[in-house]
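As structure tokens, the structure follows; a few thoughts come after it.
Starting from 1, each residue takes its place in the sequence as its number.
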Amino acid sequence: MDRLTITYPYFLGIGGIGMSALACHYLHAGCKVAGYDRISTPLTRKLEAMGAEIHYTESPGLIPAGIDAVVYTPAVPSTHAEWAEIKRRELPVYKRAQVLGMLSRQYKTLAVAGTHGKTTTSALLAYLLHGSIGCKAILGGIVPDLGGNYLHDEKSSYLVTEADEYDRSFLQLHPWFSAVTAWDADHLDIYGNVESMREAYLQFMRQSEHFIAECSLQLPLQPDYVYGIQNQAHADCGTKAAFAYNLQVKDCCYNFDYSGPKAVIENLNLSCPGRHNIQNAVAAVSLALEAGVEPQEIRRLLPLFRGVCRRLERCFSQPGLAYYDDYAHHPAEITASFNALREFYPDYRLAVMFQPHLYSRTRDLAQDFALSLSQADELCLIDIYPAREEPIAGVDTRLIGEKITNIPVRYANRKNALLQVERYLEEQKKKQEKLLLITMGAGDIDTLVEPIVGCLQKGGAV
């Protein structure tokens, strides 16, 4: 199964971030590509402009004749109307992860795994390689500096990709070099418990020819080396380590030095907020050096990296008023994002609008969500985004909100969320304080970004 034997793939859920990147790969390989998704989006429209044939109605009759394989995402339910026709035609069916695993075996693959941090780390790694020695990349986020979530370099032997733990997808990969950023409890609907999830991570590490891991992970396996930030609570990483040191913050930018097994690089700059992004940068720099990127190229490229869309993305800023949008949907990610923003905006009031993703995750991590979200100054909980799940009795946003007693908590749905933004602006003006607004979540809360920006532009600042 490779691009020689799949010449006309049909993607069921083609608009997904990972699926669309695979579709781009096949289009670049000269294949015909078709697919289905629920709605037209910038990603699907880009694919259509490249030549993909996409429809937005569940209709077996719209599946093109001539397709020779079906690629699907677990987000597509078994009740989807087109499955019966796919089975009737006896078409070969592959999960997205299977196809990615197949493609990865054709290249010298650098993969980034972790319950958080993998998108930014892999994007930065791809950016460093692309700007120096070249690479292909299949990413889990839109990277403005790379033109999207897919990067094509016909001549390069390197492939950069995320290694997604959901549905054990990353076990389809056997990377040349990998990094593991974190393994906090997540996807317990798949794994049952954190021990089972971590065993899958350990298997991924065993499948990697070489791997590095963040300092705080207490692993029964020996990585090639660990990485982190010097002087953190867990910072004594030992002699086999890569780490950032001499870290300073100035004008919403980090300056630091890097030391690792391959090089010492002084005077690096990174404008992405959050010390977790310093850790991500250390991992990306380490793998870039392993791939052969020169230290002076890393020093040149790192300050130019603007980050990933929806990863603490600054959407609006003027004196006294700023707005960020963030993909954080796990308690540890939320805490990391808050810490990042507090460091860049220490005297602003932090107002958060959070949309939980999945009923099961809300149920399993409600207490942890409450602890992380209670670090804000104001909180508005948007109705749960169900994604692939059916509702669970007794599980809604109040399961989180009722555990928070130290800050004001309000509730809204996506349709009336703008009213909450207007209230925040009114309160800001009355109290004559600086306001930092952030929307967070992995669901459809991102559709609020444009109208919120419009609201803020009209609202003014203190």
Inset, instruction - State whether the side chain of Glu389 and the backbone N or O of Ser360 hold a donor-acceptor pair below 3.5 Å, judged by distance alone. - result: yes
Legend entry - Heavy-atom side-chain proximity of Leu151 to Val143 below 4.5 angstrom: no
Legend entry - Distance-minimising heavy-atom pair for Pro60 and Glu85: CB-CB, 3.6 Å
Legend entry - pair Ile86-Leu12: side-chain heavy atoms closer than 4.5 Å: yes
Inset, instruction - Please name the pair of heavy atoms, one in Cys380 and one in Ala412, separated by the smallest distance, quoted to 0.1 Å. - result: SG-CB, 3.8 Å
Legend entry - Short side-chain to backbone donor-acceptor contact, Asp224 and His210, under 3.5 Å: no
Inset, instruction - Quick one: closest heavy-atom pair of Leu221 and Phe211, and the distance? - result: CB-CZ, 4.1 Å
Legend entry - Aromatic ring pairing Tyr150/His25, orientation class (parallel under 30°, perpendicular over 60°, tilted between): perpendicular
Legend entry - Distance-only side-chain donor-acceptor flag, Glu343 / Tyr254, under 3.5 Å: yes
Inset, instruction - Verify whether the ring centers belonging to Tyr385 and His329 lie closer than 6.0 Å. - result: no
Inset, instruction - Kindly indicate whether the side chain of Arg414, heavy atoms from C-beta on, has any atom under 4.5 Å from the side chain of Asp383. - result: no
Inset, instruction - Could you tell me whether the side chains of Ser156 and Tyr107 share a donor-acceptor contact shorter than 3.5 Å? - result: no
Legend entry - Side chain Asn416, main chain Asn413, donor-acceptor under 3.5 Å: yes
Legend entry - Side-chain donor/acceptor of Lys87 to backbone N/O of Trp83, under 3.5 Å: no
Inset, instruction - Assess whether side chain to side chain contact (heavy atoms under 4.5 Å, CB included) is satisfied between Leu287 and Val160, documenting all intermediate values. - result: CA-CA 10 Å; Leu287 293 192; Val160 176; over 6 Å; no
Inset, instruction - Compute the ring centroids of Tyr324 and Phe344, then answer whether they are less than 6.0 Å apart. - result: no
Legend entry - Thr439 vs Tyr323 side-chain heavy atoms within contact, under 4.5 Å: yes
Inset, instruction - Evaluate the criterion side chain to side chain contact (heavy atoms under 4.5 Å, CB included) for residue pair Tyr225 and Ser286; output intermediate values, then yes/no. - result: CA-CA 10 Å; Tyr225 49 95; Ser286 298; 3.6 Å; yes
Legend entry - Gln375 and Thr335 side chains, donor-acceptor separation under 3.5 Å: yes
Legend entry - Check: Glu199/Gln203 side-chain N/O donor and acceptor closer than 3.5 Å: no
Legend entry - Leu437 side, atom CG; Asp325 side, atom CG - distance, nearest 0.5 Å: 9.5 Å
Inset, instruction - Given side chain to side chain contact (heavy atoms under 4.5 Å, CB included), test His130 with Asp153 step by step and report yes or no. - result: CA-CA 8 Å; His130 172 64; Asp153 185 332; 5.5 Å; no
Legend entry - Test side chain to side chain donor-acceptor pair (under 3.5 Å) applied to Gln355 and His357, step by step: CA-CA 6 Å; Gln355 179 188 46; His357 183 264; over 6 Å; no
Inset, instruction - Verify, without hydrogens or angle tests, whether Thr44 (side chain) and Thr41 (backbone) share a donor-acceptor contact under 3.5 angstrom. - result: yes
Legend entry - Distance (rounded to the nearest 0.5 Å) between Ile17 CD1 and Leu43 CG: 5.0 Å
Inset, instruction - To the nearest 0.5 angstrom, please state how far the CZ atom of Phe11 sits from the CG atom of Leu22. - result: 5.5 Å
Legend entry - Side-chain heavy atoms of Lys136 within contact of Leu103, under 4.5 Å: no
Legend entry - Donor-acceptor pair, side chain of Arg311 and main chain of Cys272, under 3.5 angstrom: no
Legend entry - Spacing of Leu47 atom CG and Leu27 atom CG [to the nearest 0.5 Å]: 6.5 Å
Inset, instruction - Say whether, by atom type as modelled, one donor and one acceptor occur between the side chain of Thr73 and the main chain of Val76 under 3.5 angstrom. - result: no
Legend entry - Side-chain donor or acceptor of Arg198 paired with backbone N/O of Trp183 under 3.5 Å: yes
Legend entry - Closest contact, heavy atoms only, Pro223 versus Ala213: CB-N, 4.3 Å
Legend entry - 4.5 Å side-chain heavy-atom contact, Trp176 and Glu290: yes
Legend entry - Distance (rounded to the nearest 0.5 Å) between Ile229 CD1 and Ile278 CD1: 6.0 Å
Legend entry - More than 12 heavy atoms of other groups within 6.0 Å of Arg314 CZ: no
Legend entry - Polar contact flag, side-chain donor to acceptor under 3.5 angstrom, Ser169-Asp164: no
Inset, instruction - Please state whether the rings of Tyr10 and His55 are parallel, tilted or perpendicular, taking 30° and 60° as the class boundaries. - result: parallel
Inset, instruction - Taking all heavy atoms of Tyr227 and all of Thr181, pick out the closest pair and write down the distance. - result: OH-CA, 3.2 Å
Legend entry - Ser337 and Asp326: side chain donor to acceptor below 3.5 Å: yes
Legend entry - Distance-only polar pair, side chains of Tyr36 and Ser59, donor-acceptor under 3.5 Å: no
Legend entry - Flag, side chain of Ser374 to backbone of Leu371, donor-acceptor distance under 3.5 Å: yes
Inset, instruction - Report yes or no: does Thr109 contribute a side-chain atom to a donor-acceptor pair with the main-chain N or O of Ser104 at less than 3.5 Å? - result: yes
Legend entry - side chain to side chain contact (heavy atoms under 4.5 Å, CB included) assessment of Tyr327 paired with Thr120: CA-CA 11 Å; Tyr327 188 71; Thr120 299; over 6 Å; no
Legend entry - Ionic contact status for Arg310 with Glu313, cut-off 4.0 Å: no
Inset, instruction - Could you tell me the separation between the CD1 atom of Ile67 and the CG atom of Leu91, rounded to the nearest 0.5 Å? - result: 5.0 Å
Legend entry - Beyond-backbone contact of Leu100 with Leu173, side-chain heavy atoms, under 4.5 angstrom: yes
Legend entry - Arg89 atom CZ, neighbour heavy-atom count above 12 within 6.0 Å: yes
Inset, instruction - Please examine the side chains of His28 and Met50, heavy atoms only from C-beta on, and report whether any two atoms are closer than 4.5 Å. - result: yes
Inset, instruction - Write down the atom of Leu124, the atom of Ala281, and the distance for their closest heavy-atom approach. - result: CD2-CA, 3.7 Å
Inset, instruction - Look at Glu297 together with Arg300 and state whether they make a salt bridge at an N to O cut-off of under 4.0 Å. - result: yes
Inset, instruction - Consider only side-chain N and O atoms of His116 and Asp184, and report whether a donor and an acceptor are under 3.5 Å apart. - result: yes
